[in-house]
> 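I'd like to ask some things about the structure below.
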Amino acid sequence: MRNRTYTADAEPGRTVTVAGWVHEIRDLGGIAFLILRDKTGRIQIKFEKDEMDDELVETGLGVHRESVVTVTGDVEEEPRAPTGVEIVPESIEVLAEAAPDLPLDPSGKVDAELSTRLDNRTLDLRKEEVKAIFEIRAEVLRAVREQFRSIGCTEINTPKIVATGTEGGTELFPITYFGREAFMNQSPQLFKQLMIGSGLERVFEIGPIFRAEEHNTPRHLNEATSIDFESAFIDQREAMDACESVVRAAYEAVADNCAEELETLGLADEFEVPEDDFPRISYEEAIERINATGELDEQLVWGDDLSTEAERALGDDVGGHYFITDWPSEIKPFYIKDHDADPQLSTGFDMMHPRMELVSGGQREHRYEKLVEGFEQQGLDPDSFEYYTKMFKYGMPPHAGWGLGGERLVMTMLDLPNIREAVLFPRDRQRLSP
RNA sequence: GCCCGGGUGGUGUAGUGGCCCAUCAUACGACCCUGUCACGGUCGUGACGCGGGUUCAAAUCCCGCCUCGGGCGCCA
């Protein structure tokens, strides 16, 4: 739209045309105010009924809330106006009238349940707090990309329609691909590893992953955004360094560039960029620390996976981001390399926020024979992964990498109660639309 | 997949067998009001998820279904 002025840029003394949504109309009798909202904020339009054209007043005050209008008029300085300026309208055009019964209240006077909000996400996103989450999410993704680039990664995109899953046939959404069985990919794991042996050496991908697990929790999605990293010629320790740098870059960018959004979310004072290095706690030490908290009814023993309760106990104990390293080989996937000195111990690591797991990674098994052995040990048929394994025969360097849950990063960063808050249109067990 | 708890006007809620042709707020409609900024005031409109059962009597108790949320497992 030509000549449109954002409400935030309306300077006193100018004649402007603003466009946006009718946030509210306050009719005091002889005088009335229409609050117009656009992506930059709000501005007040003043109607002094005795001094203005009846038709103009009729149009301006006759519209329902959330209708889309353009207003042309003079901007005047006015201390009594909410933003210090107001517009005296000369003309008003209603571009799209809104129905009177709104499915939720964008002005936020009345709360709506998450389910109602997601059913009407467009209206929900007219609320400042909700919009702020997605402005921050965009900033996080921008910063993460920039950080990857600065450590020499090439951005890649791998297929989401695949013939076999990363770790077998379970937990995958089956689809039909021209009459053949296919699946939605649950992870770019195998593809990004294939790029390690290519000329690219060091890659990252930000893209959707699909998991068909029928869980029902505030921290799981069936379609999520995975932030993946993989690099040749590094070990798991260097992968953790990269992980830490990417997460820190995201926090720093939000602190630097999203002050207004943090203010809107009420986080301006408490938002903190993680200062210290993330502690690297071995699995063995983690078990000991969890047992020492006394939070668990039953003591953990070596070989146990960490339950949600155990993760939480350790998170409270540590108090910030941290790594859990050197997991038992048995509870990590086949593509994770074991320690040479101790095959019971893997190079796998998780990066944790006190509330939940954010990252899973490790050094990869790059030796063809060992890799095929690993497939067999996990009960998988190496033949169906031949497209993957055969590239390990032609010069696959040692490498390491990780995957970070994008929504979990945003969720923990902003202390959101539900991961669905961090996705525009979440896919969960019961929700398939919008 | 197992377990638990919900579904009341457009939205959010109160209501544990009769006091309920259902509370309050907001929205919506009408009227009053010349500085609101959650404007205020008066009046009005509008709802018990669906089906069956128990009972003299059901929003309330029971059963089935649908639907939503949460816990666990598993994971990012």
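Values reported hereafter were calculated over all heavy atoms of this structure, with side chains retained and with hydrogens, waters and symmetry mates removed. Order of the sequence lines sets the chain letters (A, B, ...), proteins ahead of strands, with each chain counted from 1.
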> Tell me the interatomic distance from A:Asp50, atom CG, to B:G35, atom C1', rounded to whole angstroms.
15 Å
> Taking CG from A:Leu28 and P from B:G41, how many angstroms apart are they, rounded to a whole number?
13 Å
> What is the distance, to the nearest angstrom, from the CZ atom on A:Arg211 to the P atom on B:C74?
14 Å
> Between A:Pro100 and A:Glu48, which residue's closest nucleotide on RNA chain B lies nearer the 5′ terminus?
A:Pro100
> Take A:Arg248 and A:Val273 through the side-chain contact (heavy atoms from CB on, under 4.5 Å) test and state the conclusion after the steps.
CA-CA 7 Å; A:Arg248 184 169 281 114; A:Val273 179; 4.1 Å; yes
> Quick check: on RNA chain B, is the nucleotide nearest A:Glu407 upstream (toward 5') of the one nearest A:Ala112, or the reverse? Name the residue that is more 5'.
A:Ala112
> Do the side chain of A:His220 and the base of B:C74 come within less than 3.5 angstrom through a donor-acceptor pair of N or O atoms?
yes
> Expressed in whole Å, how much space separates the P atoms belonging to B:G7 and B:U54?
24 Å
> Which part of the nucleic acid, if any, lies within contact of A:Lys46, taking any heavy atom under 4.0 Å across all strands shown: a base, the sugar-phosphate backbone alone, or nothing?
base
> Looking only at atom P, what distance separates B:A47 and B:U11, rounded to whole Å?
12 Å
> For B:U67 and B:C50, measure between their C1' atoms and round to the nearest Å.
10 Å
> When you measure from the side chain of A:Gln44, which nucleotide among B:U26, B:U36, B:G69 comes out closest?
B:U36
> Give, for atom CH2 of A:Trp21 and atom CZ of A:Arg65, the distance between the pair rounded to the nearest 0.5 Å.
15.5 Å
> Under 4.0 Å between a side-chain N/O of A:Gln430 and OP1 or OP2 of B:G69, yes or no?
yes
> Roughly how far apart, to the nearest Å, are B:U60 and B:G49 at atom C1'?
16 Å
> Can you tell me if A:Glu155 has over 12 outside heavy atoms packed within less than 6.0 Å of its CD?
yes
> C1' atom, B:U8 versus B:A59: distance in rounded Å?
7 Å
> Applying the Watson-Crick and G-U wobble criteria at under 3.5 Å, what pairs with B:C56? Answer none if nothing qualifies.
B:G18
> For the side chain of A:Glu357, starting at C-beta, report the closest nucleotide among B:G73, B:U26, B:A76.
B:A76
> Just how far, in rounded Å, is P of B:C75 from CG of A:Asn222?
15 Å
> Indicate, with a heavy-atom threshold strictly under 4.0 Å, whether A:Ser107 touches base, sugar-phosphate, or nothing.
nothing
> Given B:G1, B:G71, B:A76, which nucleotide is nearest the side-chain atoms of A:Ala224?
B:A76
> What do you reckon, are the aromatic ring centroids of A:Phe229 and A:Phe204 less than 6.0 Å apart?
no
> Could you check which nucleotide pairs with B:A30 in any of the strands shown, counting Watson-Crick or G-U wobble with both distances under 3.5 Å?
B:U42
> With a 3.5 Å limit on both atom pairs, tell me what B:G12 is paired to, counting Watson-Crick and G-U wobble, or say none.
B:C24
> Can you check the distance between B:C28 and B:G46, where both ends of the measurement are the C1' atom (answer in whole Å)?
9 Å
> With a 4.5 Å limit on heavy-atom distance, are the side chains of A:Lys131 and A:Thr264 in contact?
no
> At less than 4.0 Å, is any side-chain N or O atom of A:Ser360 found next to OP1 or OP2 of B:C75? Yes or no.
no
> Measuring only the P atom in each nucleotide, how far is B:U13 from B:G69? A whole number of Å is fine.
13 Å
> What's A:Arg431 touching, base or sugar-phosphate or nothing? Going by heavy atoms closer than 4.0 Å.
nothing
> Is there a side-chain polar atom (N or O) of A:Arg42 under 4.0 Å from OP1 or OP2 of B:A38?
no
> Whole angstroms only, please: what is the CG-P distance between A:Asp305 and B:C75?
6 Å
> When we call it a touch if two heavy atoms are under 4.0 Å apart, what does A:Ala99 touch: a base, just sugar-phosphate, or nothing?
nothing
> From the set B:G35, B:G70, B:G12, return the single nucleotide nearest to any side-chain atom of A:Arg80.
B:G35
> Is the distance between the ring centroids of A:Trp302 and A:Tyr283 under 6.0 Å?
yes
> Between the base of B:G35 and the side chain of A:Glu86, is there a donor-acceptor distance below 3.5 Å?
yes
> Nearest heavy-atom pair of A:Ala19 and A:Arg4: which atoms, and what distance?
O-NH2, 3.1 Å
> Please give, in whole Å, the distance from B:G70 P to A:Glu113 CD?
11 Å
> Should the side chain of A:Arg65 and the base of B:A27 be counted as holding a donor-acceptor pair, with the cut-off at 3.5 Å?
no
> B:A27 phosphate, OP1 or OP2: any side-chain N/O from A:Lys109 under 4.0 angstrom?
yes
> Does A:Phe271 have its ring centroid less than 6.0 Å away from the ring centroid of A:Tyr251?
yes
> Is A:Arg117 near enough to B:G69 that one of its side-chain N or O atoms lies under 4.0 angstrom from OP1 or OP2?
no
> Counting the atoms with a prime plus P, OP1 and OP2 as sugar-phosphate, which does A:Leu221 contact under 4.0 Å by heavy atoms, base, sugar-phosphate, or nothing?
base
> Measure from the side-chain heavy atoms of A:Thr217 and tell me the nearest of B:G69, B:G35, B:C72.
B:C72
> Answer with yes or no after comparing the ring centroid distance for A:Tyr335 and A:His366 against a 6.0 Å cut-off, counting only values under it.
no
> Report yes if at least one side-chain N or O of A:Asn418 is closer than 4.0 Å to OP1 or OP2 of B:G70; otherwise report no.
yes
> So what does A:Thr225 touch, heavy atoms closer than 4.0 Å: a base, only the sugar-phosphate, or nothing?
nothing
> Give the nucleotide from the list B:U36, B:U11, B:G70 with an atom nearest to the side chain of A:Val110.
B:U11
> Which nucleotide, in any strand shown, forms a Watson-Crick or G-U wobble pair with B:G1, with both distances under 3.5 Å?
B:C72
> Rounded to whole Å, please give me the gap between CZ in A:Arg37 and P in B:A38.
16 Å
> At 4.0 Å (heavy atoms only), tell me whether A:Arg312 reaches a base, stays on the sugar-phosphate, or touches nothing.
sugar-phosphate
> A:Asp124 CG to B:G12 P: how many Å, rounded?
11 Å
> Out of B:G10, B:C75, B:C33, which nucleotide sits closest to the side chain of A:Asp101?
B:G10
> So, does A:His64 get its side chain near the phosphate of B:G29, meaning an N or O under 4.0 Å from OP1 or OP2?
yes
> So A:Phe385 and A:Phe375, ring pair (Phe, Tyr, Trp, His ring centres under 6.0 Å) or not? Walk me through it.
CA-CA 9 Å; A:Phe385 292 90; A:Phe375 269 102; 4.9 Å; yes
> Measuring only the P atom in each nucleotide, how far is B:G10 from B:A22? A whole number of Å is fine.
15 Å
> Indicate whether OP1 or OP2 belonging to B:G73 is found under 4.0 Å from a side-chain N or O atom of A:Thr308.
yes
